[in-house]
Structure formats: structure tokens, C-alpha cells
Amino acid sequence: MNKYQMPRGTQDILPNESRKWQAMEELFRQFAYVYNYQEIRTPIFEHTEVFKRGNDSSDMVNKEMYTFTDNGNRSLTLRPEGTAGVVRSFVENKMYGYPDLPVKMYYMGPMCRYERPQKGRQRIFHQFGIEVIGAKNPYLDVETIALGWSILNALGLSNLKVHLNTLGDDESRNAYREALKKHFASDINQMCADCQRRYEQNPLRILDCKVDVDHPAMKTAPKMSDYLNEESQKYFEAVKAGLDALQIPYVVDDRLVRGLDYYTHTVFEIISENLNTTVLAGGRYDGMVEYFEGPQMSGMGWALGMERILLACEAEGIELGEDDGLDAYVLCLSDKVQKEAFTITTELRSNGYRCETDYLGRSFKAQFKTVERMNAKVAVLVGEKDIENHTVTLKKIDTQEQFVVSLNQVVEKMDELFPSEEEHECHCADGECTCKKEH
RNA sequence: GCGGUUGUGGUGAAGCGGUUAACACAGCGGGUUGUGGUCCCGUCAUGCGUGGGUUCGAAUCCCAUCUGCCGCCCCA
């Protein structure tokens with residue numbers, strides 16, 4: 001029994017919870033549509049080199065990847081993140097030649113990372129992300145952040161904080177990196193082992209350290225902002241001004257560095273204060289398209305963790321995708337009438353009524369409990385007496401009204417009780433119209 | 001990868017060497033041979049994450065292993 005357990009860090013999304021996933025996904029797609037992003041679906045595995053690029057020092061690519069060799073002896077890796085595959089595809093499909101740049105894409109799906117699982121951190125988890133490639137304009141940084149912010153707001157999340165920083169361009173960052181190394185050179189030996197490692201691999205990350213926060217050298221450490229060249233500084237100012245104009249609240253966090261090595265200029269994270277973790281994060285990347293042997297083009301993107309979003313919703317008491325219940329439940333009160341009960345069920349279904357019936361020969365009482373549990377609007381009682389009279393009883397649950405109708409008039413009666421959708425579908429007047437008709 | 005902790009039916013849990021493995025909820029059957037949500041009665045784990053071991057005897061002790069969770073690292 002134990003050997004059929006699912007692998008560590010994986011999960012089943014069960015029938016009773018898939019509904020909220022769908023509701024969330026639908027909302028993502030709606031926002032993507034309005035902001036004019038189109039979906040891109042890339043493979044769940046890629047050649048390892050797509051993710052493991054050159055001098056990447058991040059843990060994600062160095063120790064958290066699911067890498068395997070296929071039968072053709074190629075090294076493949078289960079995608080740990082979405083951006084690399086999208087950029088690879090952008091170049092491979094020559095999207096840089098599209099007439100309308102930038103190309104705006106979104107993706108949604110599972111990512112795999114070999115990590116120690118915890119709540120909100122699994123080995124297979126799901127991300128929704130966006131990428132805008134082929135233009136470098138602070139308004140795009142603002143647009144993408146605004147999109148993320150709006151999505152989280154639309155879900156009803158409120159205890160959120162946007163952290164913003166800039167890493168500047170290569171020139172600025174290299175200057176800063178050197179300054180940091182110089183600054184910490186004399187103290188690094190007294191700092192924690194992780195920091196000593198970071199010193200070599202990615203000195204910017206020393207600033208993230210929670211162990212050495214109080215070390216005197218930390219407090220006197222040089223700031224990124226002092227090493228930004230004029231262009232980088234101007235870019236960052238423009239991003240901030242854009243966010244201000246949209247009244248998106250943020251805090252500039254000059255210790256925000258991000259774990260992925262490809263970022264330049266804007267980086268940001270949206271943190272759920274209830275969960276005390278990041279739910280959405282991203283930034284600008286200038287060098288990636290070139291890395292994949294495309295032209296020099298900049299990109300901007302972010303990803304959100306869908307499991308974490310759901311946890312955040314739960315923490316804030318937000319319910320997603322509530323079930324309206326059945327239109328009708330057909331009670332089959334004797335095995336002698338199963339045929340008739342089944343026929344009625346089928347008829348209702350083919351007329352668009354969401355409908356269920358009993359297949360277990362359960363008692364009247366038990367079936368009525370199901371009516372309640374499934375939140376059916378109508379109970380259709382089919383018993384031997386009814387069938388002898390070629391009738392059936394409909395009971396409207398909310399009003400307790402009962403109607404005896406002939407066998408072939410069940411659908412008709414339902415139509416009468418619940419007037420056709422079409423007359424009610426269009427809410428153009430109150431501004432919530434979702435119908436596709438012309439007006 | 002490191003440190004800590006956890007695991008008993010569909011669910012929440014009690015039991016901590018000898019119990020028929022408590023209790024509650026849900027489910028099912030009945031009281032009401034066809035009208036639910038209240039009430040009453042009955043029923044529901046040959047088995048306590050998995051595999052070994054100690055013992056006359058193990059859910060209870062020991063070892064290993066897996067999983068969930070917390071912290072570190074890192075990240076969405």
C-alpha cells in the first residue's frame with residue numbers, strides 16, 4: 001500500500017478542490033485577455049542547458065533541478081521556472097521578427113523543483129506567469145506590475161506588500177558588486193558560512209542574510225543606489241513615477257536581490273503578509289534573448305505561485321468558485337423505476353439542466369439528504385405509484401411547492417419554474433454583460 | 001542538503017506494554033413500507049504510515065524507512 005504513495009512534495013488536486021483552481025485560472029485568463037497577453041505553452045522539459053546557463057550561481061539551477069538523461073542520451077530537465085523556456089521559444093520561433101513588438105505572453109502550469117517540501121512549497125507546484133519581450137520601456141515594467149497587482153486585488157487579497165528595487169544595468173551592477181566585495185573583504189571571515197559562499201558566488205545576496213543582519217559591516221555596506229549610472233537611475237525613477245501615477249503602493253527595498261541571476265534593472269516581489277512569503281515576483285532581464293542567440297532585446301516578466309495564492313486566499317477567508325448546486329436531483333424510489341428515473345435524468349441533461357440521480361438503491365431519506373448536500377433546486381420523485389399513473393412529482397426545494405406532472409412534461413415544468421437563461425443572460429444595462437451578442 | 005517534529009476509520013481525535021481500539025462528526029439502515037435539514041435506535045478500524053525487532057503479549061518499547069509540518073538554505 002505504501003509503495004503506491006505519491007512521491008514526496010507532490011499533490012493530487014481532488015475533485016472537490018479543482019473548482020477553485022478553475023475559478024482562479026479563469027480570472028487569470030480574463031485579465032490576460034484584457035491586457036492583451038496571449039498564452040504560450042512550452043514543453044514541461046527542455047534541454048538542461050536552457051535552464052543551466054553559463055555562470056548561473058542560483059540554488060535553483062545548481063541543486064534543485066530534476067535532471068535526467070533520456071534514451072537518446074540527452075540531458076533534459078523538468079522546468080523549474082517558466083521564463084527560460086519562453087525566451088528559448090521566442091528566439092527559436094523568431095518572434096523578434098513579429099511586426100508588433102513587444103510580444104506579450106502568459107503561461108500557466110506545473111514547475112518542478114527538488115526542494116524540501118513545506119506548506120506552500122512543493123516539488124511540483126503551479127505557476128501563472130507573464131513575459132513581455134522585445135521592448136524596454138519603464139511603462140512596461142509598470143504595466144506588468146500593475147497587472148499582477150490587479151489580479152491579486154481582483155481575487156480579493158488585501159494584505160499585500162509590493163517590494164521594489166533596481167539592479168541597474170550591467171555596468172552599474174558590476175560596479176556595485178566590486179564595491180561590495182571590497183567592503184566585505186576584511187569582515188567576511190567572521191561572517192556565516194553561507195555569506196562566505198555568497199561572497200564568491202553572488203555578493204549581492206549577502207545583503208539578504210538573516211544571520212548576519214546585525215553585523216556592523218552590514219550596516220555600513222554600500223547601497224546599490226549609489227552605484228547606479230545615470231541611465232539606470234532614470235529608468236528606475238520612471239518606473240516609480242508610473243507606479244505612483246497608478247496609485248500602486250510599494251516600498252523600495254534595496255536589499256531585494258532575487259535569486260535568479262538573469263535580472264537587470266527592475267525587480268519586485270509581492271508579499272502576502274498573512275503567509276509571510278512571496279506570492280508573486282519577477283523583474284526585467286536584458287541579456288536572456290541574446291543568450292539564446294537572438295538579437296539584443298529586453299524582457300520583463302513575473303510569475304505567481306498558484307498554491308500560494310490559494311493559501312493566501314484561505315488565510316484571508318476568500319472563497320473561490322462556489323458551486324451553485326444542481327438544478328435537479330432525481331430520486332429513484334425503487335429499483336423497479338430505475339429505467340424511468342434514468343430517462344428523466346437524461347432528458348433533463350440534454351436540455352441543459354445539471355442533474356443527478358441515485359445509483360445505489362438508497363433509502364428515500366438518504367436520497368433526500370443528497371438533494372440537500374448537492375444543493376439541488378428541485379427534487380424529482382420517481383416511485384412506483386407515480387409510474388403507474390404516468391406521472392412524477394417535482395418538489396421545488398426553496399418554496400417547498402410540489403407539482404405532479406406527467407412523465408413527458410418534466411422538462412416543460414422545469415422551463416416554467418426556471419425561465420430560460422437567454423432572457424436573463426444579458427446584463428448590459430448594469431455593466432456586467434458577458435454575453436457575446438451584438439447590441 | 002542540515003536540524004526538529006508528526007502519522008490511529010471518510011474526518012477530528014482518545015488510548016502510551018494485556019481494552020472487544022473510546023468518543024464525536026460524516027455515511028448507511030430503521031423509527032415514519034414515498035418527503036430532507038430536529039430527535040431517538042442500530043451499524044460502521046481482524047487493525048493503529050510502512051518494514052523489521054524485543055516480549056508470553058506491541059497502536060503502545062527499539063531500529064530502519066516513508067510522508068506531512070516547523071526552522072535553516074533557497075524560492076513562487
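Below, chains carry the letters A, B, ... as their sequence lines are ordered, and counting in each starts from 1. The figures here come from the full heavy-atom set of this structure, side chains too, leaving out hydrogens, waters and symmetry mates.
Nucleic acid contact class of A/E64 (heavy atoms, under 4.0 Å, all strands): sugar-phosphate only. Among the protein residues, A/G148 comes within range of no part of the nucleic acid, since none of its heavy atoms lies under 4.0 Å from any strand. Using a 4.0 Å heavy-atom cutoff across all strands shown, A/Q402 reaches at least one base atom of the nucleic acid. Note on A/R362: only backbone sugar-phosphate atoms sit closer than 4.0 angstrom, heavy atoms only; bases stay farther off. When heavy atoms are screened at a 4.0 angstrom cut-off, A/E269 is found touching no nucleic acid atom at all. Residue A/L280 is classed as a sugar-phosphate contact, given heavy-atom separations below 4.0 Å to backbone atoms only. Residue contacts shown for A/K365 include a base, since a base heavy atom lies under 4.0 Å away. Residue A/I397 is in base contact, counting any heavy-atom pair closer than 4.0 Å across all strands shown. Note on A/V279: only backbone sugar-phosphate atoms sit closer than 4.0 angstrom, heavy atoms only; bases stay farther off. At the heavy-atom level, A/Y114 lies under 4.0 Å from the strands shown only through sugar-phosphate atoms.
Note: NE2 (A/H163) to C1' (B/A76) measures 15 Å, nearest angstrom. Rounded to whole Å, the distance from CD on A/Q118 to P on B/U67 is 15 Å. Atoms OH (A/Y4) and P (B/C66) sit 19 Å apart, rounded to a whole Å. Summarising the geometry, the separation between CD on A/E115 and C1' on B/C72 is reported as 13 Å, rounded to the nearest angstrom. Atom CG of A/D358 and atom P of B/G34 are 14 Å apart (whole Å). At whole-Å resolution of the value, CZ in A/R308 and P in B/C75 are 11 Å apart. Rounded to a whole Å, the CG atom of A/L157 is 14 Å from the C1' atom of B/A76. Rounded to whole Å, the distance from NZ on A/K377 to P on B/G37 is 22 Å.
At a non-hydrogen distance threshold of 4.0 Å, A/G120, A/R121, A/Q122, A/F125, A/Q127 from residues 120-127 of chain A come into contact with RNA chain B.
Counting only heavy atoms from C-beta outward, the side chains of A/S150 and A/F31 approach each other to under 4.5 Å. Inter-residue side-chain proximity for A/E273 and A/L160 is flagged as unmet; no heavy-atom pair is nearer than 4.5 Å.
For A/K395 and B/G34, a side-chain-to-base donor-acceptor distance below 3.5 Å is absent, hydrogens and geometry of angles not being considered. No N or O donor and acceptor, one from the side chain of A/Q11 and one from the base of B/G68, sit under 3.5 Å apart.
Residue whose closest nucleotide on RNA chain B sits further toward the 5' end, between A/R373 and A/T10: A/R373. Both A/K385 and A/T278 lie near RNA chain B, and the one whose nearest nucleotide falls closer to the 5' end is A/K385.
Side-chain proximity of A/D386 to the nucleotides B/G29, B/U67, B/G34 is greatest for B/G34. Comparing B/G30, B/G71, B/C28 by their closest approach to the side chain of A/R116 singles out B/G71.
Residue A/T393 places none of its side-chain N or O atoms closer than 4.0 Å to OP1 or OP2 of B/U35. Taking only side-chain nitrogens and oxygens, A/R113 never comes nearer than 4.0 Å to OP1 or OP2 of B/C75.
B/G4 and B/G9 have their P atoms separated by 27 Å, given to the nearest Å. Look at the P atom in both B/U6 and B/G15: the space between them is 14 Å, to the nearest Å. Look at the C1' atom in both B/C25 and B/C69: the space between them is 25 Å, to the nearest Å. Rounded to whole Å, the C1' atom of B/G68 lies 46 Å from the corresponding atom of B/U32. Only the P atoms considered, B/C48 is 12 Å distant from B/U8, to the nearest whole Å. B/U54 and B/U60 have their C1' atoms separated by 13 Å, with the value rounded to a whole Å. Spacing between B/U5 and B/G10 at atom C1', rounded to whole Å, works out to 26 Å. B/A45 and B/A24 are spaced 15 Å apart, taking the P atom of each and rounding to whole Å.
A salt bridge links A/K413 and A/E416; the closest N-O separation between the charged side-chain nitrogens and carboxylate oxygens is under 4.0 Å.
Atom OH of A/Y35 sits in a crowded spot, with more than 12 heavy atoms from other residues, nucleotides or ligands closer than 6.0 Å. Heavy-atom neighbours of A/F68 CZ from other residues, nucleotides or ligands within 6.0 Å: above the threshold of 12.
With hydrogens and angles disregarded, no donor-acceptor distance shorter than 3.5 Å links the side chain of A/T10 to the backbone of A/M6.
Note: A/F268 and A/Y250 fail the aromatic proximity criterion, with ring centroids not under 6.0 Å apart.
Of all heavy-atom pairs spanning A/I40 and A/Y107, the tightest one is O-CB, 3.5 Å.
Because its NZ or CZ atom is not both nearer than 6.0 Å to the ring centre of A/Y263 and within 45° of the ring axis, A/R284 does not count as a cation-pi partner of that residue.
Aromatic ring pairs are classed by plane angle as parallel below 30°, tilted from 30° to 60° and perpendicular above 60°; the pair A/Y114 and A/Y66 is perpendicular.
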